[in-house]
> 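The structure's right below; bear with me while I get my questions together.
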Amino acid sequence: MTTANLKNVSKIFPEHVAVNDISLDIADGEFVVLVGPSGCGKSTTLRMVAGLEQATSGDILIGNKRVNDVSPRDRDVAMVFQNYALYPHLSVYENLAYALRRRRVPRAEIDTRVKQAAQSIDLEDLLERRPAQLSGGQRQRVALGRAIVRQPRLFLMDEPLSNLDAKLRVQTRSEITRLQQALGVTTLYVTHDQTEAMTMGIKIVVMNNGKIQQVASPRDLYDRPANTFVAEFMGTPPMNLITCQLDNDSITPSLVADGVKIACGGEQEKSLAAAASDGALIVGFRPENATLVDDGSLADMSGKVLGIEELGHETLVMLSNASCAFTIRLPPDAGARVRPGDRLSLSLSRPKLRFFDAASGDSITLD
């Protein structure tokens, strides 16, 4: 059983704070993805777990053992890098076997483990080739195989798909997910690609400015973001966020902005009124949670079409009104009915609306 735990871990460089007092628990066999923009601290966190960076403060535990002072080679982890890091003069077989030979593993066992790893990632016919004779996807599989033969307690992967083209990324991320499930090895995976994170991770850790913003399943991150940063970062296109004012003069309070009026009732009235700072709120909705209405009097908001992106399986429509710009997702045939310059009336799905404090950006939970 291998767990990994970070307790109040920080990494401070002379010029900046890279990781700021983060805590994270990774269960045995769990696939956890660290995601965030460049410079958010995700790779530094991974390198501290690997032992390649020394934590300034806090505790790092692998398998319930504190490893802050344990050398990288003695932590029993395997790391897969973005740039493959293969030995160009060695064959695939020799690249896979290299770490085992350094550890003086018996030759027969090396041969067995290398061939088992090669079979699991479809490299059996490539064992005699050198890296220069392989495609990018094949080189990445060799890098994965080199981690697999180690039979480590923990896999650490630092943006391993960044150098692959779009088609290979989709294929390889499926292979990594399948392998991790088959091997059951606890895995910490770093990426800046939120689509990659959503499709691969059992648990996703969203980071920004060295801090953890939210830890949740892909579905919870998408449906219930903890703050406006997560709402905008997770999802393509991102959640639409509109700053509104709570109108308490009406019997049923409304969130009002230029060209936007969203009525709220029942317990929402009490929760929003209590949470709103000076009545200011941010209302969020996903692009698919807006539908076209023919009768403008029934609309929650309207906007002028700025652009249309037809993607085959769906149509994205970019609109704007006096207060904001936003995007909606429509069926694939909508491009034939909507033109730039049109004004569209929209109805919003009430259960899917999300509310955030205008000052802090934090999510408001409605009781």
> Is the number of heavy atoms from other residues, nucleotides or ligands under 6.0 Å of D74 CG greater than 12?
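Counting other residues, nucleotides and ligands, CG of D74 exceeds 12 neighbours.
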
> What I want to check is whether the side chains of E128 and S91 have a donor and an acceptor closer together than 3.5 Å.
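No, because no side-chain N or O of E128 sits under 3.5 Å from a partner of the opposite role on S91.
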
> Checking N321 side chain against S302 main chain: does a donor-acceptor pair fall under 3.5 Å?
yes

> Would the distance check show the side chain of R75 and the main-chain N or O of V49 forming a donor-acceptor pair, the cut-off being under 3.5 Å?
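Here the side-chain-to-backbone pair exists.
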
> What I want to find out is whether R173 reaches E196 closely enough, with some N-O distance under 4.0 Å, to be called a salt bridge.
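Looking at E196 together with R173, the answer is no, because their closest N to O distance does not fall below 4.0 Å.
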
> D158 and Y189: side chain to side chain donor-acceptor pair (under 3.5 Å), yes or no, with the steps?
CA-CA 6 Å; D158 191 8; Y189 185 103; over 6 Å; no

> With the threshold set at 4.0 Å, does a side-chain nitrogen-carboxylate oxygen contact exist between R153 and D28?
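D28 and R153: not salt-bridged.
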
> Is I60 linked to L52 within one hydrophobic cluster, defined over Ile, Leu, Val, Met, Phe, Trp and Tyr using a side-chain heavy-atom separation of less than 4.5 Å?
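Both belong to a single hydrophobic cluster.
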
> Give me the ring orientation class for H16 and F13: parallel if the planes are under 30° apart, tilted from 30 to 60°, perpendicular past 60°.
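If you compare the ring of H16 with that of F13, the planes turn out parallel.
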
> Given 3.5 Å as the limit, does a donor-acceptor pair link the side chain of S10 with the main chain of D21, or not?
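Yes; judged by distance alone, with no hydrogens or angles, the pair exists.
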
> More than 12 foreign heavy atoms under 6.0 Å from CZ of R73: is that the case here?
no

> I need the single residue from M239, Q214, M198, Q213 that forms a side chain to side chain contact (heavy atoms under 4.5 Å, CB included) with M234. Which is it?
M198

> For the residue pair R354 and F285, would you count it as a cation-pi contact if the rule is NZ or CZ under 6.0 angstrom from the ring centre and within 45 degrees of the ring axis?
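Judged by the rule, R354 and F285 form no cation-pi pair.
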
> Under a 3.5 Å threshold, yes or no: a donor from one side chain and an acceptor from the other, between T236 and Q194?
yes

> Give a yes or no answer on whether the side chain of T186 reaches the backbone of T2 with a donor-acceptor pair at less than 3.5 Å.
yes

> Given side chains that start at C-beta, do those of L179 and S120 come closer than 4.5 Å, heavy atoms only?
yes

> Check for me, please, whether L156 and V9 land in the same ILVMFWY cluster - side-chain distances under 4.5 Å, paths through other members count.
yes

> Kindly work out whether a path of hydrophobic side-chain contacts (I/L/V/M/F/W/Y, heavy atoms less than 4.5 Å apart) joins I202 to M207.
no

> As a test of understanding, state which of N240, L241, D300, I242 forms a side chain to side chain contact (heavy atoms under 4.5 Å, CB included) with V283.
I242

> Would you mind checking if K115 and E124 are paired as a salt bridge, meaning a charged N to carboxylate O distance below 4.0 Å?
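Not counted as a salt bridge, because no side-chain N and carboxylate O are separated by less than 4.0 Å.
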
> Are any non-hydrogen side-chain atoms of V185 and I148 less than 4.5 angstrom apart?
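Side-chain contact under 4.5 Å: no.
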
